[in-house]
Amino acid sequence: MPAFETLPADTCKPWLPAADFSDAFAIDLDCGLDAPEAARRGFARMPQWVSRLMALRNAVVAPLGLKAAQNTAGALRFGIFPVLSSSPDRVVLGFDDRHLDFRIVVDVAPADVGRRVTITTLVARHNLFGRLYLAAVMPFHKRIVPVVLAQMRG
């Protein structure tokens, strides 16, 4: 089972300087994968219940003028998330919107046996709607991230 921890927001300033929320989940894997491969494995195929939730989310927020997950031709993505930067040790995913900006940081580091993969989520809320939105999705977020990590096992 992935470990959960709340991180101080200032820990993550390099990836999203205005972040006012952050959390992280980690799992130890007994393999030698790098961050791009971990992100590909984790986000490439979502369980059906997650896909349904994302479709519902997109239908609800579209009339409000918020961005829906888009498949932009030519843009590098892992699952529905655009890649902002990538190295063997770290992949940063995310985008900015009116109500909030978010980043998903996938870090891979040596562990006692194999590799430790950590997914850090950072959010910078811009307004009341951003705060309400984050509060509404948080119960789902806390269930989805461990699923993503478990899929990295291969």
Side-chain angles (χ1 to χ4, degrees), residues 2-47 50-51 53-55 57-58 61-62 65-127 129-131 133-134 137-138 140-154:
F4 169 77
E5 62 182 291
T6 300
L7 300 175
D10 62 350
T11 302
C12 308
K13 292 293 185 187
W15 307 301
L16 189 61
D20 58 359
F21 169 84
S22 62
D23 70 6
F25 290 80
I27 192 169
D28 290 337
L29 302 175
D30 60 354
C31 60
L33 77 158
D34 63 8
E37 178 62 15
R40 186 197 64 74
R41 286 183 186 185
F43 293 105
R45 53 177 166 62
M46 288 292 173
V50 174
S51 297
L53 280 173
M54 291 303 296
R57 177 253 181 226
N58 290 343
V61 301
L66 301 181
K67 291 180 183 176
Q70 302 169 7
N71 286 324
T72 307
L76 180 58
R77 304 176 91 72
F78 288 114
I80 61 170
F81 302 110
V83 175
L84 302 177
S85 69
S86 181
S87 72
D89 297 330
R90 176 174 295 134
V91 171
V92 180
L93 312 167
F95 60 80
D96 301 340
D97 208 343
R98 303 192 284 187
H99 66 305
L100 58 78
D101 303 339
F102 80 93
R103 301 293 181 268
I104 300 168
V105 182
V106 178
D107 282 305
V108 176
D112 290 338
V113 176
R115 311 285 275 164
R116 173 163 274 230
V117 180
T118 303
I119 296 180
T120 303
T121 303
L122 308 162
V123 180
R125 298 169 286 189
H126 300 308
N127 51 38
F129 186 73
R131 293 184 188 291
Y133 177 84
L134 184 61
V137 302
M138 191 52 53
F140 305 104
H141 165 78
K142 288 182 178 183
R143 287 187 168 42
I144 292 170
V145 176
V147 169
V148 170
L149 281 167
Q151 292 184 152
M152 292 177 184
R153 285 191 170 103

Can you find a pair of side-chain heavy atoms, one from [X] and one from [Y], that are under 4.5 Å apart?
X: His141; Y: Phe25; value: yes
X: Asp101; Y: Phe95; value: no
X: Leu122; Y: Phe102; value: no
X: Thr121; Y: Met138; value: no
X: Val145; Y: Val147; value: no
X: Thr120; Y: Asp23; value: no
X: Ile27; Y: Arg153; value: yes

| Is there a donor in the side chain of His126 and an acceptor in the side chain of Asp97, or the other way round, less than 3.5 Å apart? | no

Checking [X] now: which residues fulfil side chain to side chain contact (heavy atoms under 4.5 Å, CB included) with it, not counting sequence neighbours?
X: Ala111; value: Asp28, Arg116
X: Arg115; value: Asp89, Val108, Pro110
X: Arg45; value: Gln151

Gap separating the [atom1] atom of [X] from the [atom2] atom of [Y], nearest 0.5 angstrom:
X: Ile104; Y: Leu16; atom1: CD1; atom2: CG; value: 12.0 Å
X: Ile80; Y: Met46; atom1: CD1; atom2: CE; value: 7.0 Å
X: Leu76; Y: Leu84; atom1: CG; atom2: CG; value: 10.0 Å
X: Leu134; Y: Phe129; atom1: CG; atom2: CZ; value: 11.5 Å

| note | Sorted by chain and residue number, the ring-ring contact (aromatic ring centres under 6.0 Å, His included) partners of Phe78 (sequence neighbours excluded) come out as none

| task | Report the residues that fulfil salt bridge (charged side-chain N to carboxylate O under 4.0 Å, His left out) with Arg131, sequence neighbours left out, ordered by chain and then residue number. | result | Asp20

| query | With sequence neighbours excluded, what pairs up with Asp107 under the salt bridge (charged side-chain N to carboxylate O under 4.0 Å, His left out) test? | reply | Arg90

List the atom of [X], the atom of [Y], and the distance in Å for their closest heavy-atom pair.
X: Ala35; Y: Ser87; value: CB-O, 3.8 Å
X: Thr118; Y: Ala26; value: OG1-CB, 3.6 Å
X: Ser86; Y: Pro36; value: OG-CG, 3.5 Å

| request: Start with the C-alpha distance between Arg125 and Tyr133, add both sets of side-chain angles, then the distance that settles side-chain contact (heavy atoms from CB on, under 4.5 Å), and finish with yes or no. | output: CA-CA 9 Å; Arg125 298 169 286 189; Tyr133 177 84; over 6 Å; no

| Run the side-chain contact (heavy atoms from CB on, under 4.5 Å) check on Leu149 and Val117 step by step: do they pass? | CA-CA 8 Å; Leu149 281 167; Val117 180; 3.9 Å; yes

| request: Check the pair Arg103 / Leu93 against side-chain contact (heavy atoms from CB on, under 4.5 Å), numbers first and verdict last. | output: CA-CA 6 Å; Arg103 301 293 181 268; Leu93 312 167; over 6 Å; no

| field | With Asp34 via side-chain hydrogen bond (donor to acceptor under 3.5 Å, both in side chains) - residues at least two apart | value | none

| request: In sequence, state the C-alpha distance, the side-chain angles, and the governing distance for Val106 and Phe43, and then conclude on side-chain contact (heavy atoms from CB on, under 4.5 Å). | output: CA-CA 11 Å; Val106 178; Phe43 293 105; 4.1 Å; yes

